[in-house]
**Student:** 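Once you've had a glance at the structure underneath, I'll fire off some questions.
Here is how names work: the chains are called A, B, and so on, in the same order as the sequence lines, proteins then strands, and each is numbered from 1. In this text the structure is predicted, and so the values were computed from the model without any measurement.
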Amino acid sequence: MAVVRSRIKTLKIDGQDVGAHEDETILEVARENGIMIPTLCQLDGLSLVGACRLCLVEVVGWRNLVPACTTYVEEGMEVITNSERLQKYRRMIIELLFAEGNHVCAVCVSNGNCELQWKAQKLGMDHVRFTNQNPDRRVDMTHEHFVVDANRCILCTRCVRVCDEIEGAHTWDIFGRGENSTIISDFNLPWGESPTCSSCGKCVNVCPTGALVEKGKAAGEMIKRTEFLAYLTKMREVKK
Amino acid sequence: MTQQIVIDPVTRIEGHSKITIQLDDTGNVADARFHVTQYRGFEKICVGRPFYEMPALMGRICGICTISHMLASAQACEEVMSVRVMGTARRLREVVNYASLIQSHALSFFHLSSPDFLLGMDSDPAKRSIFGLMESNPEIARDGVRLRRFGQRIIELMAGKRIHPTWIVVGGVSERLSPETREEILGMIPEAYEILQRTLGWFKRTLEDYREEIRIFADFPSLFMGLVDEHDEKHEIYRGRIRIADVNGKVVAEFHRNRYQEFIGEAVEPWTYLKFPYYLPEGYPDGIYRVGPLARLNILDRLGTPMADQELVEFKDLNRLSSFHYHLARLIECLHAVERIEQYMADPAILGNRVRAVANANVDSGIGVTEAPRGTLIHHYTVDEQGLITGANLVVSTTHNNLAMNRGVLQTARRYVDGNKLTEGMLNRVEAVIRSFDPCLSCSTHAYDRLSLDVELRGPEGELLDEVLR
Ligand code: SF4
Ligand code: SF4
Ligand code: FES
């Protein structure tokens, strides 16, 4: 018997006619068709949250910009992924992320291997127009192997999701509101005292910035490896 | 009526500063001060950061002596871990440290000071630069560029990036030396020797012409401070005991770095950001001492390498109290550094694999001391239980010389200031005294600016009589 998958929809992305399954997001369809939309919080293998808004796109006839990673395709949609307006907003989002935290790349362990920094370069950010907030957030070295520096966290929640959805430990959460939001381990315990953390290091590897890193790395030495996620997801699908 | 002269900014030094010259009722120089007008608080920035991030952060204090700051910082961190870097890693660090000494000394001697020697203290200031030198003495200018390049190339080859390398890490170095790099470095050594022999030759011959400057350029008794090898009576710039010796080279104190606060006090004056360290037992300001190349040669009888030791014998016959001899001391140290680099590179052990130790913070403070090109450099950190920095104290090379620089400026102003106008020859001599110490103000105040120094001449009531802004 033929497997019944979802229905097919047709739409336009950047003027190109494309076909897609109804359970696909704009981001997925765009990628299948070789159209690159910048993302930061989205990571294949984890659930979708639409936290960073970097993947915003225009849909003709819609008033608001929508995140491509969490918006599902609709019949007849006309999507624009790279207008001047979008570029302006994307650059602004990155600038705001830099201004909100404390990002001195030159002395950061993630320098040169940081998704935030790459995005800034790619989107042509040459300076930050907003006042640096210079926050004084938690730097916690209590864990035996890892360090959390909340000053470099962009609240993408990748760590929260990987820990909950893949490792099943649910050590991480976001605490507080607005500019006071910050990641915490368990009920705001020092990471080293976490009763749930299994020290697997998945959060460290999916973290796009220098916020979760291995201990003892010198500037520029921290290199993240996210390949495990695709592999684990694949193996789990096979098992199902 | 007392009057004041201000030289502002002093040119061809690293950083921003100002000189004021105060005249008394009779128009004679009553006082002269060297002010540093910038401040940048690295001691604050590092609080709350993991200790092992310090070398990269501290390396940013200065673009000229990055390596020295990184090494002092790394050693302080290794004290925190209770780890001692030995063997190959230590040798590799020593080699880049010597390379850094050479590039810095070459910059000071050739680019900043040699125009004074070769074009004359009274020559046109527009021409009195490395560019003027390229026209008048192209071979010498070329030697300067090549020697600096020698040091920079070694740093580049070994530490990756020339200005702010991250190869020096807490626990050792991040990568072993490749055989190709070793070959290239060994291949560059003969030219470095040639340049140094040539330069020592002409510079020693011109010393005669500078008899007057030698007498007036901060020529006064003071103590001298520097590191000596931990086990042997020889020159050491990487790590060692701190020695303080008197004008005759007699040792008055020798101590482990952890005791520096028992011997070195720091006074503060309201008119400058630069502190005034002094030898505690003698009090302030009598405990005046000098650091840097001249001091390092004055506290020892041998450097420990044959060619440099031969030069040292001659050097000991000179008037070693004059800061003018910082220049010759720089050349001798460069020669010594090339000899050491050659010696360490020739040893196959330099290619070893064991170059990095790993550990957590195990004690709550650490002190690291090295000899930067300009003198003794102390980094002192305290950490909390996790290893986050809770406090830092830096005693930087240039700062040690602050009392001596001020005294030197006064001595020179007394001799050359005449009336209430600033003349070029006088201005340049006052600046040249400062330059003989090769101060690095971005280091010493942890401030950051282009090279500059202003001079003010002030009357007895403090009124401005003349001023030069550069
Ligand atoms: S986390 Fe990334 S963007 Fe932030 S300081 Fe580090 S390298 Fe720069
Ligand atoms: S710690 Fe890293 S992964 Fe977690 S929310 Fe912050 S930036 Fe994202
Ligand atoms: S990638 Fe779509 S909102 Fe972050």
**Student:** For A/Glu144, is the CD atom crowded, meaning more than 12 foreign heavy atoms sit under 6.0 Å from it?
**Tutor:** no
**Student:** Suppose we screen for side-chain hydrogen bond (donor to acceptor under 3.5 Å, both in side chains). Which residues come up paired with A/His143, at least two apart in sequence or across chains?
**Tutor:** A/Ser199
**Student:** Quick check on the structure: residues of residues 169-176 of chain B within a heavy-atom distance below 4.5 Å of chain A, by number.
**Tutor:**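 Interface residues of residues 169-176 of chain B: B/Val169, B/Ser174.
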**Student:** If I measure from the heavy atoms of chain B, does A/Lys215 come under 4.5 Å with its side chain, its backbone, both, or neither?
**Tutor:**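 Contact with chain B is through both the backbone and side chain of A/Lys215.
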**Student:** Non-hydrogen contacts under 4.5 angstrom with chain A: give the residues of residues 353-360 of chain B involved, or none if there are none.
**Tutor:** B/Arg356, B/Asn360
**Student:** Side chains of B/Glu53 and A/Val107, heavy atoms from C-beta outward: is any pair under 4.5 Å?
**Tutor:**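 Side-chain contact under 4.5 Å: no.
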**Student:** Contact part of A/Val109 toward chain B, heavy-atom cut-off under 4.5 Å: side chain, backbone, both or neither?
**Tutor:** side chain
**Student:** When heavy-atom pairs shorter than 4.5 Å are enumerated against chain B, which of A/Gly216, A/Pro190, A/Ala219 gives the highest number?
**Tutor:** A/Gly216
**Student:** Checking A/Val139 against chain B: side chain, backbone, both or neither under 4.5 Å from a heavy atom?
**Tutor:** both
**Student:** Look at atom CG of A/Asp136 and say whether more than 12 heavy atoms of other residues, nucleotides or ligands are closer to it than 6.0 Å.
**Tutor:** no
**Student:** Take atom CZ of A/Phe175 as the centre, draw a 6.0 Å sphere, and report whether it contains more than 12 heavy atoms from other residues, nucleotides or ligands.
**Tutor:** no
**Student:** Only heavy atoms, only distances under 4.5 angstrom. Which residues in residues 380-390 of chain B are near chain A?
**Tutor:** B/Gln386, B/Gly387, B/Leu388
**Student:** Please check if atom CZ in A/Phe228 has more than 12 non-hydrogen atoms from other residues, nucleotides or ligands closer than 6.0 Å.
**Tutor:**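 Above 12, so yes.
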**Student:** Can you tell me how far the CD atom of A/Glu221 sits from the OH atom of B/Tyr52, to the nearest 0.5 Å?
**Tutor:** 10.5 Å
**Student:** Contact part of A/Asn151 toward chain B, heavy-atom cut-off under 4.5 Å: side chain, backbone, both or neither?
**Tutor:**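 Just the side chain, heavy atoms under 4.5 Å.
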